[in-house]
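Letters A, B, ... mirror the listed sequences (proteins, then strands); counts begin at 1.
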There are 2 protein chains.
Amino acid sequence: MSVTIKDIAAFVGVSYSTVSLVLNGKAAENRISAELEKRILAAAKELNYRPNTLARGLRRGVTNTIGFVISDVSNRFFIKLARYVEKEAMKYGYRVLFASSDEDENRCVEVVNTFLNQQVAGLIIIPAEGLEEKIAQLTNLKIPFVLVDRHFPKIDANYVVMNNWQSAYDATEYLIKKGKKRIATFSYATNFFHMAERLDGYKAALKDYNIRFDRQLVKEVPFLDNEKSEVLLGEYIPHLVEDLNIDSIFFQTNSTAIPGIQILYERYIRVGKDISVICFDDNEFFKLLMPPVSSLLQPIEEMGIESVRILIDEIKNKRAKRMKNKTVYSAKLIDRNN
Amino acid sequence: MSVTIKDIAAFVGVSYSTVSLVLNGKAAENRISAELEKRILAAAKELNYRPNTLARGLRRGVTNTIGFVISDVSNRFFIKLARYVEKEAMKYGYRVLFASSDEDENRCVEVVNTFLNQQVAGLIIIPAEGLEEKIAQLTNLKIPFVLVDRHFPKIDANYVVMNNWQSAYDATEYLIKKGKKRIATFSYATNFFHMAERLDGYKAALKDYNIRFDRQLVKEVPFLDNEKSEVLLGEYIPHLVEDLNIDSIFFQTNSTAIPGIQILYERYIRVGKDISVICFDDNEFFKLLMPPVSSLLQPIEEMGIESVRILIDEIKNKRAKRMKNKTVYSAKLIDRNN
DNA sequence: ATGAAAGCGCTAACAT
DNA sequence: ATGTTAGCGCTTTCAT
């Protein structure tokens with residue numbers, strides 16, 4: 001059995017509430033003598049006391065934990081984001097629990113519930129599609145939360161997202177200005193608002209430059225693991241290149257970009273076919289490919305920090321907060337002249 | 001406030017212990033009528049009851065959680081491992097909590113303590129250097145744990161690791177058989193046993209093929225973020241290529257391979273210099289580089305599954321277990337003919 | 001077949 | 001300045 005405050009109390013010869021006060025740094029305000037404080041602290045250390053987080057959380061009603069729901073762990077963007085979130089939360093004295101939903105609605109609901117059961121102080125969520133109803137529920141529960149990367153226009157919630165329309169517009173315009181006219185684009189098959197915004201940005205750029213929108217050049221790929229994505233893209237890409245005569249591709253998501261680039265480079269670009277590529281989200285290898293791949297760089301660190309800031313703010317001022325915080329970032333186009 | 005079993009009890013009009021029994025699936029064995037069971041379940045659903053994990057854990061003394069300590073989140077290998085661990089643990093009904101130590105001893109101790117405070121049922125740890133003492137403590141605490149990727153020869157603990165010596169030997173031999181003679185190698189500056197094994201494997205291969213070991217060709221890089229690694233490698237690599245006339249590199253770690261390859265390809269290989277590269281750990285982009293990069297592929301999924309299996313086994317048979325489980329995997333050399 | 005009650009470890013209000 | 005005590009939500013043993 002592990003050491004409890006009662007053991008410390010018995011060891012030092014005081015009541016266990018005194019121990020609790022000292023251990024919580026409330027010695028001074030309760031006028032507990034410095035000498036006793038020191039003895040208690042020493043005893044705790046000697047006995048290797050470790051506070052039971054469950055008991056403390058149960059008693060207090062909340063914990064100093066926040067839950068982070070990641071949609072897709074194989075996406076570097078989310079992992080980096082998680083890292084910054086953890087680092088930032090630590091500054092405020094909060095621990096972060098992680099869980100992944102694999103872009104699955106039910107799994108997402110499940111992990112959110114698990115977090116709620118754990119009495120987390122708040123949530124940071126990269127929501128899966130179809131989570132709208134659950135998110136609405138959270139609002140009723142009065143639990144602070146922030147949506148990241150994606151949000152639901154109909155729900156008034158805190159969010160931290162990208163300016164998807166503008167970013168997609170910029171990417172498309174970049175290709176157009178390089179003289180490209182047959183611009184394919186890959187998106188993630190979803191009803192998510194943010195993907196619609198990206199497609200609209202793409203269309204708008206085409207329109208502004210008088211390029212006819214061709215429905216055939218838009219490929220929507222469901223969320224799959226890397227292997228299955230490769231199979232699917234292994235059908236789409238040859239069709240686009242050989243039959244539809246494309247001269248460039250704008251990958252709207254990391255999950256299509258990685259397998260897409262693999263196929264594209266192995267089968268076409270490396271053997272001399274000139275197809276320009278630009279992707280949402282940068283990757284450390286893009287600059288090493290021949291030719292390199294351009295990208296839309298997202299301000300991951302800022303997004304992580306901001307998410308935590310918003311969340312902690314709401315946790316601390318629970319009652320006061322009325323207005324939800326909506327932050328929209330711009331991507332930076334990394335021009336690798338490809 | 002949230003809904004408790006008391007609320008359900010009041011709602012249905014029974015005592016709250018009855019509710020507890022039903023909710024724990026012990027209705028039958030306590031001969032609670034099927035009808036009442038149904039009413040209680042319905043009430044729980046209707047009131048949107050969510051069990052308080054803290055209270056349950058406090059009462060039970062353990063939780064169905066296991067803690068996973070990751071050393072370096074920027075390493076894809078560990079992220080993938082984490083994913084498989086989570087998936088496998090779920091099959092046994094366990095949740096996985098994640099935390100990263102950033103290869104820092106103190107941070108590692110901290111997160112292990114946090115996990116212990118949370119009453120986790122067991123731990124899976126990718127230990128940071130210097131964690132030996134803490135690991136020994138864990139043994140005394142009788143908490144089940146498994147070390148992954150690295151272990152301490154002096155400590156009798158469960159572990160799941162690679163055959164580092166053989167893998168390094170194979171990689172070096174691969175380069176030698178391609179006719180390379182000036183083989184540089186990058187390792188992680190540490191006293192870790194597994195890195196020493198890799199260096200020994202490298203040396204052994206050189207010796208077997210009568211190539212003189214040159215201390216200057218061995219570079220040890222401390223654990224740094226990607227940016228700082230690039231700076232450091234930006235000094236080492238030109239020196240190796242220009243002054244020491246190397247013809248190949250064996251990167252012993254992912255953390256040196258990624259920035260190393262970046263510098264190598266940008267400054268030398270892309271402009272015609274012929275330097276073969278092989279790395280511990282594969283990467284999806286290796287095959288796309290020109291020339292491609294060979295690698296030692298680790299059986300990540302098996303390692304994850306095995307770690308969980310060992311851990312759960314020890315959790316379930318706490319008292320019985322005497323022998324520790326030591327699993328060693330072999331890497332597969334991916335020959336990209338570079 | 002159902003209820004009463006103890007107690008897990010801790011915090012904090014109240015007492016002395 | 002330190003001690004007493006109630007109770008957070010739950011499980012489980014023992015009564016009835």
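A:L58 has its CG atom 7 Å from the P atom of D:dG9, to the nearest Å. One atom, CD of A:Q119, and another, P of C:dG9, lie 19 Å apart when rounded to the nearest Å. What separates CG of B:L36 from P of C:dG3 is a distance of 8 Å, to the nearest Å.
A:R107 pairs in a salt bridge (charged side-chain N to carboxylate O under 4.0 Å, His left out) with only one of the listed residues (A:E103, A:E110, A:E105), which is A:E110. Among B:I32, B:L36, B:V22, the single residue meeting the side chain to side chain contact (heavy atoms under 4.5 Å, CB included) criterion with B:V14 is B:L36.
In terms of the side-chain contact (heavy atoms from CB on, under 4.5 Å) criterion, residue partners of B:E88 (sequence neighbours excluded) are, by chain and number, B:K91, B:Y92, B:I305, B:V308. Under the side-chain contact (heavy atoms from CB on, under 4.5 Å) criterion, B:N113 pairs with A:R50, B:V109, B:L116, B:K134, sequence neighbours left out. With sequence neighbours excluded, the residues forming a ring pair (Phe, Tyr, Trp, His ring centres under 6.0 Å) with A:F192 are A:F152, A:H194, listed by chain and number. Every residue meeting the ring pair (Phe, Tyr, Trp, His ring centres under 6.0 Å) condition with A:F193, not counting sequence neighbours, appears here in chain and number order: A:H151.
Within residues 109-118 of chain B, no residue has any heavy atom closer than 4.0 Å to DNA chain D.
Looking only at side-chain heavy atoms (C-beta outward), A:L147 and A:I126 stay at 4.5 Å or farther from each other.
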Report each atom pair, protein N/O against N/O of nucleotides 10-12 of chain D, whose distance is under 3.5 angstrom.
from: D:dC10; atom 1: OP1; to: B:Y49; atom 2: OH; distance (Å): 2.5
from: D:dC10; atom 1: OP1; to: B:N52; atom 2: N; distance (Å): 3.2
from: D:dC10; atom 1: OP2; to: B:I5; atom 2: N; distance (Å): 2.8
from: D:dC10; atom 1: N4; to: B:Y16; atom 2: OH; distance (Å): 3.4
from: D:dT11; atom 1: OP1; to: B:N24; atom 2: OD1; distance (Å): 3.3
from: D:dT11; atom 1: OP1; to: B:R56; atom 2: NE; distance (Å): 2.7
from: D:dT11; atom 1: OP1; to: B:R56; atom 2: NH2; distance (Å): 3.0
from: D:dT11; atom 1: OP2; to: B:S20; atom 2: OG; distance (Å): 3.0
from: D:dT11; atom 1: OP2; to: B:N24; atom 2: ND2; distance (Å): 3.2
from: D:dT11; atom 1: O2; to: B:R59; atom 2: NH1; distance (Å): 2.1
from: D:dT12; atom 1: OP2; to: B:K26; atom 2: NZ; distance (Å): 2.7

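More than 12 heavy atoms of other residues, nucleotides or ligands sit less than 6.0 Å from atom NZ of A:K326.
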